Amino acid sequence: MALEGLRARRTFWRTTVLSLGLLVLLLYWFPVRNLDLLIPMGVCPSATMVLLRDNFTGVLRLWYLEKYLSHFLESAEQYFMVGQRVVYYVFTEQPAAVPRVALGPGRQLRVEPVMRERRWQDVSMARMRTLHEALGGRLGREAQYVLCMDVDQHFSGPFGPEVLADSVAQLHAWHYRRPRWLLPFERDERSAAAIAFGEGDFYYHAAVFGGSVAALRRLTAHCARGLQLDRARGLEARWHDESHLNKFFWLHKPAKVLSPEFCWSRDIGRRAEIRHPRLFWAPKEYAEVRN
């Protein structure tokens with residue numbers, strides 16, 4: 001009995017030492033800040049907090065969003081397509097509130113009024129239809145390439161013609177390191193945005209996407225149609241229009257995929273491969289923006 005007890009203790013300590021050794025190796029290859037790669041989205045506390053905030057259904061305070069727009073345009077004049085002819089199209093429920101920003105030669109600002117929506121999710125989902133209609137009008141006639149961007153971010157480095165292609169997708173800064181099975185694709189097979197487990201390449205961010213007018217017309221038509229089908233079925237994809245955007249890029253591969261440097265969040269912290277961020281997310285002041 002004593003011999004068996006001694007063997008059991010030895011086995012326990014060997015296993016413990018081996019486990020600690022493996023943990024040291026894991027932390028060496030995956031710094032602590034990256035351990036969220038190993039935790040499902042529904043378990044990670046920080047991810048859960050983001051999910052709860054992003055799915056808030058309160059009334060959207062439109063007046064506060066103009067703060068973002070001013071910073072976006074001012075930084076764009078400093079870094080975005082410098083030396084190129086640029087037309088900014090701002091789609092807003094409050095055209096009179098669009099700030100006046102000094103623009104350089106060959107650069108214009110057009111303000112397009114859109115219908116007011118009560119929930120922020122409806123604002124987000126309506127933009128695919130709005131963009132599709134605009135691309136069939138003056139925007140489509142005067143542009144060769146179009147980049148669609150959220151305004152709650154600002155430029156911090158050169159963002160030039162190197163990003164242009166027939167279709168452009170942006171790697172999501174929070175998800176580009178995660179294994180495919182942890183990517184937050186829409187999994188409800190009833191949704192038009194559904195991507196089955198084992199499918200999908202990367203997870204793309206709807207804060208930046210674009211391409212040629214013809215390619216973008218196809219993308220926005222696909223997403224608008226999918227959103228309409230879901231609404232008719234009483235469904236709403238987990239990440240709304242972004243879920244449908246990801247479904248489109250799974251079916252129709254983008255010609256160019258932008259590094260997370262082109263749309264980065266300071267909340268992620270330092271990453272060795274992120275050396276020159278070009279666009280930063282603005283702090284999400286949900287208490288001010290959503291009531």
Side-chain angles (χ1 to χ4, degrees), residues 30 33-58 117 119-129 131-132 148 150 167-211 215-216 218-254 257-260 263-265 267-268 281 284 286 290:
F30 294 95
R33 66 177 181 273
N34 298 332
L35 285 180
D36 63 327
L37 298 179
L38 309 177
I39 305 173
M41 285 289 289
V43 176
C44 177
S46 61
T48 303
M49 291 171 63
V50 172
L51 286 174
L52 289 172
R53 288 201 303 261
D54 281 353
N55 284 290
F56 184 79
T57 57
E117 304 285 352
R119 301 185 313 148
W120 74 268
Q121 292 96 331
D122 295 326
V123 174
S124 179
M125 291 187 287
R127 68 174 170 170
M128 290 299 181
R129 182 187 68 248
L131 281 169
H132 185 73
C148 308
D150 292 348
S167 60
V168 180
Q170 171 67 59
L171 284 179
H172 200 296
W174 281 98
H175 302 298
Y176 73 100
R177 281 186 164 192
R178 296 187 174 188
R180 184 166 57 178
W181 64 275
L182 275 180
L183 297 177
F185 297 125
E186 175 58 45
R187 299 302 190 185
D188 186 342
E189 62 184 16
R190 299 172 300 167
S191 172
I195 294 178
F197 283 100
E199 296 184 343
D201 297 313
F202 306 101
Y203 190 80
Y204 301 111
H205 197 178
V208 178
F209 64 94
L216 206 51
R218 291 191 291 271
L219 183 155
T220 52
H222 170 95
C223 294
R225 183 167 55 250
L227 287 159
Q228 185 177 14
L229 285 172
D230 276 9
R231 176 164 291 186
R233 297 166 181 165
L235 301 173
E236 197 168 278
R238 180 183 183 187
W239 292 112
H240 315 104
D241 56 315
E242 186 171 86
S243 296
H244 291 271
L245 177 82
N246 274 275
K247 178 62 175 284
F248 179 86
F249 280 136
W250 164 239
L251 296 174
H252 311 278
K253 310 305 183 191
V257 176
L258 300 182
S259 156
C263 189
W264 188 249
S265 171
D267 290 341
I268 298 173
W281 302 10
K284 301 298 187 281
Y286 294 102
R290 301 172 191 170

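The first residue of the sequence shown is numbered 1, and numbering continues consecutively from there. As the structure is a prediction and not an experimental result, all values here were calculated from the model.
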Minimum heavy-atom distance S191-R233, with the two atoms named: C-NH1, 4.2 Å
For S259, all residues meeting side chain to side chain contact (heavy atoms under 4.5 Å, CB included), sequence neighbours excluded: E261, F262
D241 CG to R129 CZ distance, which is reported to the nearest 0.5 Å: 11.5 Å
Heavy-atom donor-acceptor pair, R187 side chain to A196 backbone, under 3.5 Å: yes
D188: salt bridge (charged side-chain N to carboxylate O under 4.0 Å, His left out) partners, not counting sequence neighbours: R190
Quiz: residues 200-207 side-chain donor-acceptor pairs under 3.5 angstrom, not counting sequence neighbours:
residue : atom : partner : partner atom : Å
D201    : OD2  : K253    : NZ           : 2.8
Y203    : OH   : E242    : OE1          : 2.6

Rounded distance [0.5 Å steps], CZ in F249 versus CZ in F209: 7.5 Å
Separation between CE of M128 and SG of C223, rounded to the nearest 0.5 Å: 4.0 Å
Distance (rounded to the nearest 0.5 Å) between L258 CG and Q170 CD: 5.0 Å
Side chain to side chain donor-acceptor pair (under 3.5 Å) pairs, two or more places apart, involving residues 220-229: H132-T220
Separation between CD of E186 and CG of D230, rounded to the nearest 0.5 Å: 7.5 Å
Side chain to side chain contact (heavy atoms under 4.5 Å, CB included) assessment of R127 paired with D150: CA-CA 11 Å; R127 68 174 170 170; D150 292 348; 2.7 Å; yes
Sequence-distant partners of H172, side chain to side chain donor-acceptor pair (under 3.5 Å), two or more places apart: none
Side chain to side chain donor-acceptor pair (under 3.5 Å) involving N246 - partner list, sequence neighbours excluded: none
Working for side chain to side chain contact (heavy atoms under 4.5 Å, CB included), residues D267 and W281: CA-CA 9 Å; D267 290 341; W281 302 10; over 6 Å; no
L216 and L131: CA distance, side-chain angles, deciding distance, side chain to side chain contact (heavy atoms under 4.5 Å, CB included) verdict: CA-CA 9 Å; L216 206 51; L131 281 169; 5.9 Å; no
Partners meeting side chain to side chain donor-acceptor pair (under 3.5 Å) with S265 (sequence neighbours left out): none
Smallest separation among heavy atoms of S167 and P254, with atom names: OG-CA, 3.3 Å
Minimum side-chain heavy-atom gap H175-L182 below 4.5 Å: no
